[in-house]
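Keep in mind that the numbers below use all heavy atoms, side chains included, and drop hydrogens, waters and symmetry copies. Atoms within a ligand are numbered from 1 in the order they appear, just like the ligands themselves.
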Amino acid sequence: MDFKEQIIRLYEEKPADYTSAHRELFNQFMDQLNKGVIRSAEKQEGTWIVNSWVKMGILIGFRMGSLAEMGWSSSKSFFDKDTLPEKQVFLKDQIRIVPGGTSIRNGCYIAPGVGIMPPAFINVGAYVDSGTLVDSHALVGSCAQIGKDVHLSAGAMIGGVLEPIGSCPVIIEDGVFVGGNTGIYEGVIVRRRAVIASGTILTASTPVYDAVNDNYLPKEAGKAVTLPENAVVVPGSRPLKSNHEFSVYCPIIIKYRDEKTEMSVILEQDLRQSLD
Ligand SMILES: CC(C)(COP(=O)(O)OP(=O)(O)OC[C@H]1O[C@@H](n2cnc3c(N)ncnc32)[C@H](O)[C@@H]1OP(=O)(O)O)[C@@H](O)C(=O)NCCC(=O)NCCS
């Protein structure tokens, strides 16, 4: 039985007692998540595919773990499932972690060259690629997939999607700029180099209007939208269908990235780590 099948079988079996072999299997699984060898979602021929079995593996950790003292700070105690400690990061990992309250849960991949400002929280199953900056008070939720050279500004909330098991996590592709105080949740996919203006909130229920092409982005029932490449999305509103006296929130693609946008979101390379 291959590794994936072993994880699926253990997830489905739900044994009353977990053995040391189960623990060993789970530790191998976490090791592969830490190295970015396995991912909860991956792009195949332009389409994002959810690896439900990876989510199953993470959930095994919650089931199998028992509450234990985490031994992290000398002045404060922490208690969590003993299967899900903090991720240990070393200088050789070449991740810049500014001191002050950041927490990175074990079982996530963070590429060399990522910068993390305090306090940030990066949850299990997340994947953060090289050159990305995770600013203060930013959340990278469980299983969220963050591409290369992404800017997650202060207070950007990238929601976690661990359940239902087959649901798509939030995906932020390469070069996306996520402005301050934004929220991207429930399987929203943001394609390459899109710009999410500060204060924009996107959920599976949020319709997005494309003012350039004069249409709403296509959306399957219960599924979140996919924001197109280079879209610049700002907070907006639309009249309530049942009563035009009122408006509801509706983010708007105000334009597609142009020179003016480049100036607005220009990033300071000195703040990023050169790995050359
Ligand atoms: C989206 C953003 C990058 C502006 O992009 P831009 O390409 O420079 O946009 P422009 O100034 O050309 O504006 C284009 C249109 O969008 C509107 N617009 C721009 N930003 C907007 C916003 N945040 N909310 C609502 N409307 C906005 C403008 O009013 C303009 O509309 P108009 O053509 O009807 O007048 C900017 O608003 C933004 O959110 N920056 C991020 C700030 C941030 O979070 N920084 C974090 C690091 S500190």
Side-chain angles (χ1 to χ4, degrees), residues 95-102 110 113-122 126 128-141 144 146-159 170-185 188-203 205-217 224-240 246-274:
I95 302 167
R96 197 164 62 91
I97 304 177
V98 178
T102 288
I110 304 177
V114 169
I116 304 170
M117 301 301 289
F121 184 67
I122 303 182
V128 185
D129 216 335
S130 56
T132 285
L133 185 74
V134 181
D135 212 333
S136 300
H137 290 274
L139 164 73
V140 182
I146 314 292
K148 290 183 174 48
D149 300 318
V150 169
H151 187 104
L152 294 184
S153 303
M157 298 286 120
I158 307 299
V170 175
I171 291 164
I172 311 288
E173 292 191 348
D174 297 351
V176 168
F177 182 94
V178 183
N181 214 16
T182 44
I184 306 182
Y185 306 103
V188 170
I189 298 178
V190 183
R191 293 282 188 197
R192 287 182 72 253
R193 292 178 45 76
V195 173
I196 314 296
S198 53
T200 305
I201 308 284
L202 299 160
T203 72
S205 325
T206 316
V208 177
Y209 182 69
D210 184 341
V212 177
N213 295 306
D214 192 17
N215 55 22
Y216 281 93
L217 292 184
V225 292
T226 296
L227 290 176
E229 218 171 291
N230 291 315
V232 178
V233 187
V234 301
S237 64
R238 64 169 173 85
L240 200 60
F246 296 96
S247 297
V248 281
Y249 172 68
C250 175
I252 297 173
I253 298 179
I254 201 83
K255 60 163 149 174
Y256 284 76
R257 201 161 165 150
D258 59 16
E259 275 178 27
K260 165 78 169 54
T261 319
E262 297 305 331
M263 294 308 294
S264 299
V265 299
I266 199 156
L267 301 176
E268 183 50 71
Q269 281 313 314
D270 287 344
L271 295 176
R272 281 156 187 78
Q273 228 172 323
S274 169

Original post:
Does a donor on one side chain and an acceptor on the other come within less than 3.5 Å for D214 and Y209?
Top reply: yes

Original post:
Using a heavy-atom cut-off of under 4.0 Å, does the side chain or the backbone of T261 touch ligand 1, or both, or neither?
Top reply: both

Original post:
Closest approach of A144 and G159, non-hydrogen atoms and distance?
Top reply: CB-O, 4.2 Å

Original post:
Counting heavy atoms only, which part of V265 comes closer than 4.0 Å to ligand 1: side chain, backbone, both or neither?
Top reply: side chain

Original post:
Which protein heavy atom lies closest to atom 10 (P) of ligand 1, and at what distance to 0.1 Å?
Top reply: K260 NZ, 3.6 Å

Original post:
Nearest to atom 27 (C) of ligand 1, what protein heavy atom do you find, and at what distance?
Top reply: V234 CG1, 3.6 Å

Subject >> Closest non-hydrogen atom pair, I253 against P228 >> reply: CD1-CD, 3.8 Å

Original post:
Would R192 and E173 pass as an ion pair if we require N to O under 4.0 Å?
Top reply: no

**OP:** Say whether, by atom type as modelled, one donor and one acceptor occur between the side chain of S237 and the main chain of Y249 under 3.5 angstrom.
**Re:** no

Original post:
How far is atom 15 (C) of ligand 1 from its nearest protein heavy atom, and which residue and atom name does that atom have?
Top reply: I254 CG1, 3.5 Å

Original post:
In ligand 1, which numbered atoms sit nearer than 4.0 Å to a non-hydrogen atom of S153?
Top reply: 46 (C), 47 (C)

Subject >> Nearest non-hydrogen protein atom, atom 36 (C) of ligand 1 >> reply: A197 CB, 4.6 Å

Original post:
Which heavy atom of the protein is the closest neighbour of atom 44 (O) of ligand 1, given with residue, atom name and distance?
Top reply: G180 N, 2.6 Å

Subject >> Protein residue, atom and distance nearest to atom 40 (N) of ligand 1, heavy-atom basis >> reply: F177 CE2, 4.4 Å

Subject >> Interfacing atoms of ligand 1 (cut-off 4.0 Å, heavy-atom, G179) >> reply: 44 (O)

**OP:** Output yes when D174 and K148 qualify as a salt bridge under the 4.0 Å nitrogen-oxygen rule, no when they do not.
**Re:** no

Subject >> Value rounded to 0.5 Å, distance of CD1 in I172 from CG in L227 >> reply: 8.5 Å

**OP:** Please check atom 32 (P) of ligand 1 for a protein heavy-atom neighbour under 4.0 Å.
**Re:** no

Original post:
Is the shortest distance from atom 3 (C) of ligand 1 to a protein heavy atom below 4.0 Å?
Top reply: yes

Original post:
Do any non-hydrogen protein atoms sit less than 4.0 Å from atom 47 (C) of ligand 1?
Top reply: yes

Original post:
Which ligand 1 atoms, with their elements, are less than 4.0 angstrom from a heavy-atom of S264?
Top reply: 3 (C), 6 (P), 8 (O)

Original post:
For atom 24 (N) of ligand 1, what is the nearest protein heavy atom, given as residue, atom name and distance?
Top reply: P235 CD, 3.5 Å

Original post:
Less than 4.0 Å between atom 8 (O) of ligand 1 and some protein heavy atom, yes or no?
Top reply: yes

Original post:
Do T261 and S264 pass the side chain to side chain donor-acceptor pair (under 3.5 Å) test, and can you show the C-alpha distance, the side-chain angles, and the key distance before you say yes or no?
Top reply: CA-CA 5 Å; T261 319; S264 299; over 6 Å; no

Subject >> H151-ligand 1 polar pair, N/O distance under 3.5 Å >> reply: no

**OP:** Considering only non-hydrogen protein atoms, determine which one is nearest to atom 14 (C) of ligand 1 and report residue, atom name and distance to 0.1 Å.
**Re:** K255 CE, 3.8 Å

**OP:** State the CD1-CD1 distance between I122 and I97, to the nearest 0.5 angstrom.
**Re:** 7.5 Å

Subject >> Protein non-hydrogen atom below 4.0 angstrom of atom 29 (O) of ligand 1 present >> reply: no

Original post:
At a non-hydrogen distance cut-off of under 4.0 Å, which region of S198 contacts ligand 1 (side chain, backbone, both, or neither)?
Top reply: both

Subject >> V178 versus S153, closest heavy-atom pair with distance >> reply: O-OG, 2.7 Å

Subject >> Donor-acceptor contact below 3.5 Å, side chain T132 vs main chain G147 >> reply: yes

Original post:
Are the charged groups of R257 and E262 less than 4.0 angstrom apart, N to O?
Top reply: yes

